[in-house]
Amino acid sequence: MRTEAAGLFYWFLKWIAIGPVLRLLFRPVVEGADNVPDEGPAILASNHLSYSDWMFMPLTLSRRVTFVAKAEYFTSPGIKGWFQKKFFSGAGQVPIDRASGSAAEGALSSARAILEEGDLFGIYPEGTRSHDGRLYRGKTGVARLALETQVPVIPVAVVGTNVVAPPGKKFGRFTRPLVRFGEPLDFSRYEGMENDRYILRSVTDEIMYEIMRLSGQEYVDLYASKAKELAAKARKEAAELPVPESGPDEDASSAGRTEPKPEQKKAS
């Protein structure tokens, strides 16, 4: 599935071009790396705080970690598109397989191919980055993938990357990101039940609970994409509110003010 040239470029980026710089500047901390098998397929299910997550998490492991990415990253025309394709291919990304008809099914198809090769596959069950640092409800694709392939799921917590690269910014400030790997989760007890939506939800929630425990994040039982929509709507409504001509303090002081009464003359 991946060319030898792309594989060489991955290790070049990790050990020569980008990896050493990230290690020197940010000195990432890793815990529980021994929970990741030295060989064989596994799913690394992580929280998603920043675009830099896909750089720091694989940086802490000796094995290659592959993610799926938008097909547009690999099909853009021109010189820029060619460089973009080469970079993402070499950086451990594969395009979503659109032959399945939908982005979700395409991502699962690409993921299955990676796991069948005995490799590590990285996935963000929330489906998108958290806009406020909280952990949101996981989508059931990770559960379906785990039950269909019968490979272990390793929960992963990445902490501090939203400080390095906050949402909406290319760079924030320096900190030491923490990558924490939990113990592998075995869902072989649900073999053959990958089409049961209640089982899929239960497995996904178990994975998200472990990620929450590892990351210490506040959990919100709402999809991250919906939470972003609600936050954007709230900001828009707040911006459309009329600006009062006088502040609330001035209004309050005016409301409680009384005209001074003329002083009564004393009786002589």
Cluster check Phe56, Leu61: I/L/V/M/F/W/Y, side chain < 4.5 angstrom: yes
Exactly one of Val36, Ile43, Thr66 should register a side chain to side chain contact (heavy atoms under 4.5 Å, CB included) with Leu120. Which one does? Val36
Measuring from Ser46:OG to Phe181:CZ, what's the distance to the nearest 0.5 Å? 8.0 Å
Contact summary for Phe187 and Glu206, nearest pair of heavy atoms: CE2-OE1, 3.5 Å
Over 12 non-hydrogen atoms of neighbours within 6.0 angstrom of CD in Glu31: yes
Is Met193 linked to Val203 within one hydrophobic cluster, defined over Ile, Leu, Val, Met, Phe, Trp and Tyr using a side-chain heavy-atom separation of less than 4.5 Å? yes
List the atom pairs, with distances to 0.1 Å, where a side-chain N or O of residues 19-26 and a protein N or O form a donor-acceptor pair under 3.5 Å, not counting sequence neighbours.
from  : atom 1 : to    : atom 2 : distance (Å)
Arg23 : NH1    : Lys14 : O      : 3.4
Arg23 : NH2    : Leu59 : O      : 3.4

Compare every heavy atom of Gly160 with every heavy atom of Leu49, then report the nearest pair and how far apart it is. CD1-N, 4.4 Å
Reported OG-to-CE distance for the pair Ser215 and Met208, which is rounded to 0.5 angstrom: 8.5 Å
Any side-chain donor-acceptor pair under 3.5 Å between Tyr136 and Asp132? yes
Might you confirm whether atom CZ of Phe171 has over 12 heavy atoms from other residues, nucleotides or ligands at distances under 6.0 Å? yes
Output yes when a side-chain donor or acceptor of Asp205 lies under 3.5 Å from a complementary backbone atom of Ser202, and no otherwise. no
More than 12 heavy atoms from other groups under 6.0 Å of CD on Glu240: yes
With the 4.5 Å side-chain cut-off for hydrophobic clustering, are Val65 and Trp54 part of the same group? yes
When you compare the side chain of Val151 with that of Phe121, does any pair of heavy atoms fall below 4.5 Å? no
Take Ser188 and Gln150, measure what side chain to side chain contact (heavy atoms under 4.5 Å, CB included) needs, and give me the verdict at the end. CA-CA 6 Å; Ser188 58; Gln150 288 296 296; 3.5 Å; yes
Check for a donor-acceptor pair, side chain of Arg63 on one end and backbone N or O of Pro37 on the other, with a separation under 3.5 Å. yes
Between Tyr124 and Phe67 (judged by ring centroids, cut-off 6.0 Å), do the two rings come close enough to count as a pair? yes
Using modelled atom types and a 3.5 Å cut-off, is there a donor and acceptor pairing between side-chain atoms of Tyr51 and backbone atoms of Lys170? yes
Residues, nucleotides or ligands: over 12 heavy atoms within 6.0 Å of Arg189 CZ: yes
Are more than 12 heavy atoms from other residues, nucleotides or ligands located less than 6.0 Å from atom CZ of Arg27? no
Does a side-chain heavy-atom distance below 4.5 Å link Val142 with Ile207? yes
Spell out, yes or no, whether Ile18 and Val164 are grouped together once hydrophobic residues are joined by side-chain heavy atoms under 4.5 Å, including indirect joins. yes
Below 4.5 Å, heavy atoms only, C-beta onward: do Glu148 and Glu191 meet side chain to side chain? no
Answer yes or no: is there a side-chain heavy-atom contact under 4.5 Å between His48 and Arg129? yes
Straight-line distance of His131 NE2 to Leu230 CG, nearest 0.5 Å: 8.5 Å
Can you name the closest pair of heavy atoms from Glu126 and Ala224 and give their distance? O-CB, 4.2 Å
State the CZ-CG distance between Arg134 and Leu222, to the nearest 0.5 angstrom. 8.5 Å
Heavy-atom check, side chain of Val156 versus side chain of Asn47, under 4.5 Å: no
Short side-chain donor-acceptor distance under 3.5 Å, Lys228 and Thr128: yes
Please report the closest heavy-atom contact between Trp11 and Arg64, naming both atoms and the distance. CH2-N, 3.6 Å
CD1 of Ile199 to OG1 of Thr140: how many Å apart, nearest 0.5 Å? 12.5 Å
Kindly give the heavy-atom pair with the smallest separation between Pro184 and Pro152, and that separation in Å. CB-CB, 4.1 Å
Would a distance-only check, ignoring hydrogens and angles, find a side-chain to backbone donor-acceptor pair under 3.5 Å from Thr149 to Leu145? yes
Once rounded to the nearest 0.5 Å, what's the spacing between atom CZ of Arg144 and atom CG of Asp196? 10.0 Å
Where do Thr161 and Ser52 come nearest, in terms of heavy atoms and distance? CB-OG, 3.5 Å
Measuring only between side-chain heavy atoms, which start at C-beta, is Leu185 closer than 4.5 Å to Glu210? yes
Can Val179 be reached from Phe174 by stepping across I, L, V, M, F, W or Y side chains whose heavy atoms are under 4.5 Å apart? yes
